[in-house]
2 protein chains.
Amino acid sequence: MTFEEYKKKAFAEDPELYKEYKALEPEYEIIRQIIKARNELNLTQKELAEKIGIKQSNISRLESGNYNPSLDFLKKVAQGLGKELHIEFR
Amino acid sequence: MTFEEYKKKAFAEDPELYKEYKALEPEYEIIRQIIKARNELNLTQKELAEKIGIKQSNISRLESGNYNPSLDFLKKVAQGLGKELHIEFR
DNA sequence: ACTTAATATATCATATATGGTATAATAAAT
DNA sequence: ATTTATTATACCATATATGATATATTAAGT
């Protein structure tokens with residue numbers, strides 16, 4: 001069973017779980033993309049942090065999920081990854 | 001001359017201008033989408049604010065541009081507009 | 001011209017993000 | 001098994017976001 005299948009099953013059984021997952025989707029989206037990009041670029045948290053002039057622990061805190069970053073902070077991280085930040089309301 | 005044409009001309013003449021515009025692009029992207037969505041839904045700032053349980057002045061401040069919102073705040077606004085927030089590093 | 005509605009701006013108290021330091025926990029390398 | 005590298009977590013001082021209130025300015029309606 002893949003994680004996608006697991007999610008489907010869990011959400012069908014527990015609508016509250018789905019609701020709470022949905023509310024945090026932007027956070028998961030951000031974390032997935034950052035970790036994926038770091039891996040593609042072969043960057044550690046420490047190296048990414050150095051690129052944007054902060055310490056490693058601040059990248060870890062962002063990737064932990066339990067954190068509410070500002071727009072400016074996300075822009076900095078995007079810059080460190082050589083990317084642009086795009087915000088969409090869909 | 002459209003605004004797009006004007007931008008092209010201004011940026012060619014002043015690379016520093018382009019750089020500073022680029023740095024603020026996520027903010028402009030957000031503001032454009034919020035105002036567009038409010039207009040499509042025929043919502044005033046006050047009505048959008050009421051939907052998410054804050055005051056009108058806080059929506060105005062966000063739309064002013066000179067403001068650094070948090071992820072949570074942007075999620076609230078998206079919810080008020082009946083939309084989902086999507087963050088992409090491209 | 002006047003009134004009402006909508007938006008913008010300033011200010012304040014409080015909550016929280018950011019940057020750091022330190023160090024613990026885990027993973028990878030040897 | 002041990003060492004090194006990487007990541008996670010806690011805590012702190014400071015900066016700033018959030019929510020409010022108040023009110024000024026601008027736009028729209030009459």
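Residue numbers start from 1 in every chain, and the chains themselves are labelled A, B, ... in the order their sequence lines are given, proteins ahead of strands. Any value given below was found using the heavy atoms of this structure, including those in side chains, with hydrogens, waters and symmetry copies removed. Treat the numbers as computed from the prediction; the structure is a model and nothing was measured.
Counting heavy atoms of neighbouring residues, nucleotides and ligands inside a 6.0 Å radius, atom CD of B/Gln33 exceeds 12 of them. Other residues, nucleotides and ligands contribute at most 12 non-hydrogen atoms within 6.0 Å of the OH atom of A/Tyr18.
Under a 4.0 Å N-O distance rule, the pair A/Glu29/A/Arg90 does not qualify as a salt bridge.
Minimum heavy-atom separation, B/Ile31 to B/Ser64: CD1-C, 4.4 Å. Residues A/Phe89 and B/Leu74 share a closest heavy-atom pair of CE2-O, 3.8 Å.
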Heavy atoms under 4.0 Å is the rule here; annotate nucleotides 16-21 of chain D 5' to 3' with B where the base is hit, S where only the sugar-phosphate is, and - elsewhere. -SBBBB

Could you list, one pair per line, each protein nitrogen or oxygen that sits under 3.5 Å from a nitrogen or oxygen of nucleotides 27-30 of chain D, together with the distance?
none

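Taking only side-chain nitrogens and oxygens, A/Ser60 never comes nearer than 4.0 Å to OP1 or OP2 of D/dT7.
Contacts of A/Lys46 classified as side chain to side chain donor-acceptor pair (under 3.5 Å), with partners at least two apart in sequence or in another chain: A/Glu50. Contacts of A/Lys51 classified as side chain to side chain contact (heavy atoms under 4.5 Å, CB included), with partners at least two apart in sequence or in another chain: A/Leu43. With sequence neighbours excluded, the residues satisfying side chain to side chain contact (heavy atoms under 4.5 Å, CB included) with A/Lys75 are A/Leu71, A/Asp72, A/Leu85, B/Leu24, B/Pro26, B/Glu27.
Considering A/Ile30, A/Ile52, A/Asn58 as possible partners of A/Val77, the one that fulfils the side chain to side chain contact (heavy atoms under 4.5 Å, CB included) test is A/Ile52.
Within residues 26-52 of chain A, no residue places a heavy atom under 4.0 Å from DNA chain C.
Not a single donor-acceptor pair under 3.5 Å links the side chain of B/Glu13 to the backbone N or O of B/Ala10.
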